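If you're wondering where the values come from, they're calculated on a predicted model, not measured in any experiment.
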Amino acid sequence: MERFFATCPRGLELILAGELRLIGAEKIHAVGGGVQFGGDFFLCYRANLASRVASRILWQVATDRYRDEEDIYRTVSALPWTEWFDAARTIRVDVSATKSPLTSLNFVTLKIKDAVCDKIRHLTGRRPSVDTRQPDIPIQAHLTDRDVTFYLDATGEPLFKRGIRLAAGAAPLRENLAAGILRLAGWEPGIPLLDPMCGSGTFLLEPALMALDIAPGLGRHFAFEKFKNFAGGRWRELLQRSQARQRPKTPLAIYGSDLSGDTLKAARANLAACGLEKLVGLKQANVLEIAAPANEGIVVTNPPYGVRLGEQQELAEFYPKLGDVLKKNFTGWRAYILSADMRLPKLIRLAASKRTPLFNGALECRLFEYKMVAGGMRKKKAEE
């Protein structure tokens, strides 16, 4: 059994664990920022192709105790690097640490890179080149207080880069975070879904792909394709089976709107790139003037957040109006609002039934859940 580690946005670890279980992972253990799991080697093919929540799939190739940088150099030198990739491949080494006694991760990174290159040159007479931007083989090491673990990154470009979005907004929502939020919201295909501030359309693209069972990794390539043990026939068979499972493209109960016509053009272009523009309802509208497209469903949105003082003042006036619209027009719905603005719960004047900490990249956010039950959502005066 091979060991793997899947990284993901913090807050989505249990969602990712459930997803990996469905594709055949074993010995699953969720930790901060990801999930450890095991299975046959081809599981990393399936995880890269099918996971909507993971950021990267890392193949664990070694773990050992260490006391200093020389211990790490010796461990790296003993590993069979030429069995994993050719000397002509470019590499990059990244190091992370939790409670490591070593003072310089940059120095550790240099020692690992030197050990890999020295070992490959000793065996082949060639020294692999370093490419810090687009390496063929990304190598990762993680240090704890006593152990060092080495991984080959089987993904390459992170998995939230689906290879399908043509245009992004000013503060784009990462695709795997959007997919995880949909799972946290309990959304399933067939449940009406509305993003009334859709931006470039991430909360429209992800559920549409989910509803049609289109694998998120179909439109791109992966680092494992450059490993020596890459089984091209097995990979092509996996792609064919995935494509055969796709559902017919019929109109979906997924709706988006935005105040900006230019923003809607970007959302429409992104949907068109996937052949989805005729399946998702899209219109230009002010969120404060819209009506629910069905008797019940889910609102999910990532509203703008203020950076400058003027923007903050505008949002302080906007949030109460948004709460009024949700209460008045969306009775029977559940609303999920992702925001980095921690004033939102107070200003929107609705009682959040759940607050889930999440990260969009390095930006700390909260996912606020509001159950729009008639007469039960307005905060009492004493709570304001």
Side-chain angles (χ1 to χ4, degrees), residues 9 11-12 15 19 52-53 160 162 165 168-169 171-212 216 252-259 263-264 266-267 270-271 276 279-283 285-288 290-305 318-319 322-323 325-327 329-341 344-345 348 350-360 363 365-373 377:
L12 297 179
I15 299 293
E19 186 181 64
R52 300 183 189 278
V53 177
F160 60 80
R162 310 289 203 221
R165 187 164 68 175
L173 181 70
R174 288 188 174 179
E175 287 83 345
N176 60 337
L177 177 58
I181 287 171
L182 291 168
R183 297 264 169 81
L184 288 172
W187 180 83
E188 294 180 357
I191 298 176
L193 181 79
L194 168 67
D195 182 353
M197 292 173 278
C198 69
S200 60
T202 307
F203 272 135
L204 309 178
L205 277 165
E206 288 299 311
L209 295 174
M210 292 164 73
L212 299 176
L252 304 167
I254 299 172
Y255 310 93
S257 60
D258 203 280
L259 186 60
T263 297
L264 281 178
N270 288 330
L271 290 165
L276 303 174
L279 311 187
V280 174
L282 202 59
K283 66 178 181 179
N286 186 333
V287 63
L288 302 180
I290 61 171
N295 290 331
E296 58 183 25
I298 292 175
V299 172
V300 60
T301 195
N302 177 30
Y305 58 92
F318 167 73
Y319 289 139
L322 177 61
V325 168
L326 291 174
K327 182 176 174 62
N329 296 347
F330 288 86
T331 300
W333 286 59
R334 284 176 287 136
Y336 294 84
I337 302 177
L338 179 71
S339 182
D341 189 340
L344 184 145
I348 202 170
L350 298 172
S353 50
K354 191 181 295 183
R355 307 176 186 207
T356 305
L358 294 171
F359 283 81
N360 185 21
L363 185 64
C365 304
R366 292 289 185 277
L367 180 66
F368 300 100
E369 176 190 74
Y370 300 100
K371 295 180 179 179
M372 310 311 301
V373 180
M377 287 300 300

Kindly compute the distance separating [atom1] ([X]) from [atom2] ([Y]), expressed to the nearest 0.5 Å.
X    : Y    : atom1 : atom2 : value
N176 : L12  : CG    : CG    : 7.5 Å
C198 : N270 : SG    : CG    : 10.0 Å
L326 : R334 : CG    : CZ    : 14.0 Å
F368 : I348 : CZ    : CD1   : 9.0 Å
M372 : S353 : CE    : OG    : 10.0 Å
R174 : F160 : CZ    : CZ    : 3.5 Å

Run the numbers on L358 and I181 for side-chain contact (heavy atoms from CB on, under 4.5 Å), then give the verdict.
CA-CA 9 Å; L358 294 171; I181 287 171; 3.8 Å; yes
Does the pair E19 and R183 meet the rule for a salt bridge (charged side-chain N to carboxylate O under 4.0 Å, His left out), with working shown?
CA-CA 10 Å; E19 186 181 64; R183 297 264 169 81; 3.2 Å; yes
Non-hydrogen atoms of [X] and [Y] that approach each other most closely:
X    : Y    : answer
L338 : C365 : CD1-CB, 3.6 Å
D195 : L204 : CB-CD2, 4.1 Å
A178 : E206 : CB-CG, 4.1 Å
W333 : I298 : CE3-N, 3.2 Å
L288 : L322 : CD2-N, 3.7 Å
G199 : D258 : N-OD2, 3.0 Å

[Y] and [X], any side-chain heavy atoms less than 4.5 Å apart:
X    : Y    : answer
P216 : L209 : no
L279 : L212 : yes
S339 : Y319 : yes
L205 : L276 : yes
V299 : P196 : yes
T356 : L184 : yes

All side-chain contact (heavy atoms from CB on, under 4.5 Å) counterparts of Y255, not counting sequence neighbours:
L194, A253, P293
Tell me, please, which residues at least two apart from A211 pass side-chain contact (heavy atoms from CB on, under 4.5 Å).
W187, P189, L252
Stepwise, does the side-chain contact (heavy atoms from CB on, under 4.5 Å) test hold for R366 with K354?
CA-CA 10 Å; R366 292 289 185 277; K354 191 181 295 183; over 6 Å; no
Salt bridge check: are R355 and E369 linked by an N-O gap of less than 4.0 Å?
no
Mind running side-chain contact (heavy atoms from CB on, under 4.5 Å) on V325 and V287 for me, showing each step along the way?
CA-CA 8 Å; V325 168; V287 63; 5.6 Å; no
With no hydrogens and no angle check, is any side-chain donor or acceptor of N302 less than 3.5 Å from a backbone partner on I337?
no
Steps toward side-chain contact (heavy atoms from CB on, under 4.5 Å) verdict (L182, Y336):
CA-CA 9 Å; L182 291 168; Y336 294 84; over 6 Å; no
